[in-house]
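Data first, discussion second: the structure below is written as structure tokens.
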Amino acid sequence: MGTYLYVRLLLYTRANLDCGQELPHHNFTQEPLFDVTRPTTFVIHGYRPTGGTAYLDQPHRALLSSAEGHEHPSSGLEQRGGQPQLLHGCGQHKGYGCEHHRLHREYGGRKEGASLDSIHLIGVSLGAHVAGFIGTMLGGRVGRITGLDPAGPMFASAPPEERLDPTDAQFVDVLHTDMNSFGLRGTHGHIDFYANGGLDQPGCPKTIFSGKSYFVCDHQRSVFLYLCALNHTCKLTGYPCSSYSDFLSGQCLQCETFKPASCPVLGYDMSQWRDTLLRLGQTRAYFSTTAELPYSKTSYRVDLVTWNQFLRWGGGHTPTLLRFEQYTSTRLLAQFDEDLYPIQKISLRFVTGNIIGPRYKMRLLRIRISPLENLNR
């Protein structure tokens with residue numbers, strides 16, 4: 001309260017894709033250019049000392065393109081009551097880039113056209129919590145909030161009312177990429193996606209000698225992954241699981257809970273999983289990526305049937321020990337940067353950790369390798 005705010009609202013529609021029209025933040029709903037009957041997405045950046053949007057300068061084209069062809073009003077920018085519009089909210093300080101009472105009156109009080117259901121707030125880092133504050137002030141009736149690596153510093157021990165949480169909107173989805181530094185640990189949406197476990201991202205510097213990139217690369221990866229998904233350049237499928245290690249061990253490679261839909265996919269249209277996720281409460285979903293575009297890894301389910309009469313224990317690329325029993329199938333996860341087809345040879349390395357004892361052999365009856373995106377292949 002009493003803090004000076006320099007707020008800029010830039011409006012984009014399909015009629016002006018390349019140059020945002022600045023609106024007065026104190027009375028933007030009265031502007032002729034802003035149509036309250038159109039579904040609207042607010043993109044809220046994180047902490048920027050200079051007030052600029054940096055890497056968030058061009059999300060509008062992907063968002064407005066993703067809105068075409070959908071008919072589910074709960075998922076954000078769909079065709080409902082007219083063409084969608086998008087607003088960049090930019091402020092130099094931690095503040096709210098809109099006058100929430102007026103927004104509530106214009107959207108919540110209308111019996112025609114759009115309502116709070118058609119509002120989608122996308123917040124990056126600190127902007128994710130700002131989106132949560134706006135959602136709280138509007139009674140949790142905003143249609144959707146997407147949090148891209150919500151900020152961790154100063155929010156790690158904050159109660160739900162002081163950070164992003166599932167009650168801030170009708171549907172909240174979150175992407176984590178830097179939980180061990182600038183990002184917030186835990187679960188804070190109806191579904192939380194954890195890229196590479198939500199910690200260190202492939203391709204990002206590992207030492208401080210890399211300069212600024214060492215501090216921001218993991219954190220910013222959330223934006224690049226989301227934009228990649230919006231542009232349909234990559235398909236990032238999340239597998240519900242209790243932990244990333246369980247996912248890597250092949251224990252969470254099926255999504256029967258979401259039948260007839262498949263596993264949840266990061267991105268704009270979450271409508272086919274929404275009802276199930278709301279019923280489940282809070283869901284953790286994990287996926288792995290490559291270091292560069294298109295980020296998607298090809299994942300395979302590997303099923304082994306062993307012939308050994310006596311029990312064998314072993315492991316692979318995960319710290320979890322695996323139990324191999326006679327005539328019993330053991331499931332593994334194998335991931336590669338590209339699709340392997342046709343497969344001509346399969347090599348299996350069996351690690352027991354036994355240095356001075358006998359060298360056990362692994363006898364196999366069958367190896368079946370199936371791509372998770374097409375288990376029938």
Side-chain angles (χ1 to χ4, degrees), residues 173-177 191-199 201-203 221-222 225-226 228-274 276-277 280 283-306 314-320 322-324 328-349 364 366-377:
D173 57 307
V174 181
L175 171 61
H176 299 271
T177 58
I191 182 169
D192 286 66
F193 290 94
Y194 300 86
N196 304 292
L199 302 173
Q201 301 302 308
R221 185 63 60 85
S222 63
L225 292 177
Y226 196 70
C228 182
L230 287 178
N231 286 317
H232 306 290
T233 306
C234 54
K235 182 179 181 182
L236 301 172
T237 301
Y239 294 89
C241 202
S242 58
S243 69
Y244 189 50
S245 60
D246 284 350
F247 164 67
L248 292 178
S249 298
Q251 301 180 35
C252 309
L253 305 183
Q254 294 176 313
C255 292
E256 291 91 346
T257 305
F258 294 93
K259 286 184 176 178
S262 58
C263 294
V265 177
L266 177 74
Y268 172 78
D269 186 5
M270 296 288 296
S271 57
Q272 59 182 309
W273 304 285
R274 175 189 165 104
T276 302
L277 290 169
L280 293 175
T283 299
R284 294 171 176 255
Y286 296 87
F287 62 87
S288 302
T289 72
T290 62
E292 299 176 345
L293 284 168
Y295 295 118
S296 304
K297 277 198 171 188
T298 302
S299 300
Y300 294 88
R301 190 179 75 187
V302 182
D303 294 298
L304 310 172
V305 178
T306 56
H317 65 288
T318 67
T320 305
L322 298 171
R323 182 186 181 99
F324 298 93
T328 301
S329 179
T330 300
R331 180 163 294 170
L332 308 173
L333 172 66
Q335 296 182 299
F336 303 92
D337 289 357
E338 58 185 39
D339 193 9
L340 307 179
Y341 187 81
I343 296 175
Q344 298 177 336
K345 179 182 178 180
I346 298 176
S347 297
L348 176 69
R349 183 185 181 194
L364 298 175
R366 187 184 72 196
I367 300 180
R368 173 174 290 170
I369 179 168
S370 312
L372 291 183
E373 296 297 326
N374 183 11
L375 291 174
N376 295 321
R377 199 181 81 189

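Keep in mind that what you see is a predicted model, and the values were worked out from it rather than measured.
Under the side chain to side chain contact (heavy atoms under 4.5 Å, CB included) criterion, Ser296 pairs with Cys234, Leu236, sequence neighbours left out. Residues satisfying the side chain to side chain donor-acceptor pair (under 3.5 Å) criterion with Ser242, sequence neighbours excluded, are Asp246. Not counting sequence neighbours, the partners of Asp173 by the salt bridge (charged side-chain N to carboxylate O under 4.0 Å, His left out) test are Arg144. Remark: Arg284 pairs with Thr187, Tyr194, Tyr286 by the side chain to side chain contact (heavy atoms under 4.5 Å, CB included) rule, at least two apart or across chains. Applying the ring-ring contact (aromatic ring centres under 6.0 Å, His included) rule to Tyr295 yields no partners; only residues at least two apart in sequence or on another chain are considered.
Atom CG of Asn196 is separated from atom NE2 of His176 by 13.5 Å, given to the nearest 0.5 angstrom. With values rounded to the nearest 0.5 angstrom, Leu225 atom CG is found 9.0 Å from Leu293 atom CG.
Arg221 places a side-chain N or O within donor-acceptor distance of the main-chain N or O of Pro202, the cut-off being under 3.5 Å.
Met270 is listed as a side-chain neighbour of Leu277, based on a closest heavy-atom distance under 4.5 Å. Trp273 is not listed as a side-chain neighbour of Cys263, based on a closest heavy-atom distance of 4.5 Å or more. Residues Pro264 and Ile191 have side chains in contact (heavy-atom distance under 4.5 Å, counting atoms from C-beta outward). A 4.5 Å side-chain heavy-atom check between Asp337 and Lys297 finds at least one atom pair inside the cut-off. Using a 4.5 Å cut-off on side-chain heavy atoms (C-beta onward), Asp339 and Tyr300 make contact. A heavy-atom distance below 4.5 Å is found between the side chains of Leu253 and Phe247. In this structure, the side chains of Thr237 and Phe287 stay at 4.5 Å or more apart for every pair of heavy atoms.
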Practice task
Under the side-chain contact (heavy atoms from CB on, under 4.5 Å) rule, what do Tyr239 and Leu372 come out as? Steps first, then yes or no, please.
Solution key: CA-CA 10 Å; Tyr239 294 89; Leu372 291 183; 3.3 Å; yes
Exercise for the section: Show the numbers, then the answer: is there a side-chain contact (heavy atoms from CB on, under 4.5 Å) between Gln335 and Leu248? Expected result: CA-CA 9 Å; Gln335 296 182 299; Leu248 292 178; 3.8 Å; yes
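Between Thr177 and Gln201 the shortest heavy-atom distance is O-NE2, 3.0 Å. Minimum interatomic distance between Val265 and Phe193 (heavy atoms only, all atoms of both residues): C-CZ, 4.0 Å. For the residue pair Gly238 and Pro240, the shortest heavy atom distance occurs at O-CD, 3.5 Å. Here the closest heavy-atom approach between residue Cys228 and residue Pro294 is recorded as SG-O, 3.7 Å. Across Cys255 and Ser262, no two heavy atoms sit closer than the pair CB-C, 4.4 Å.
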Side-chain atoms of residues 340-348: list all donor-acceptor pairs with protein atoms under 3.5 Å, sequence neighbours left out, distances to 0.1 Å.
none

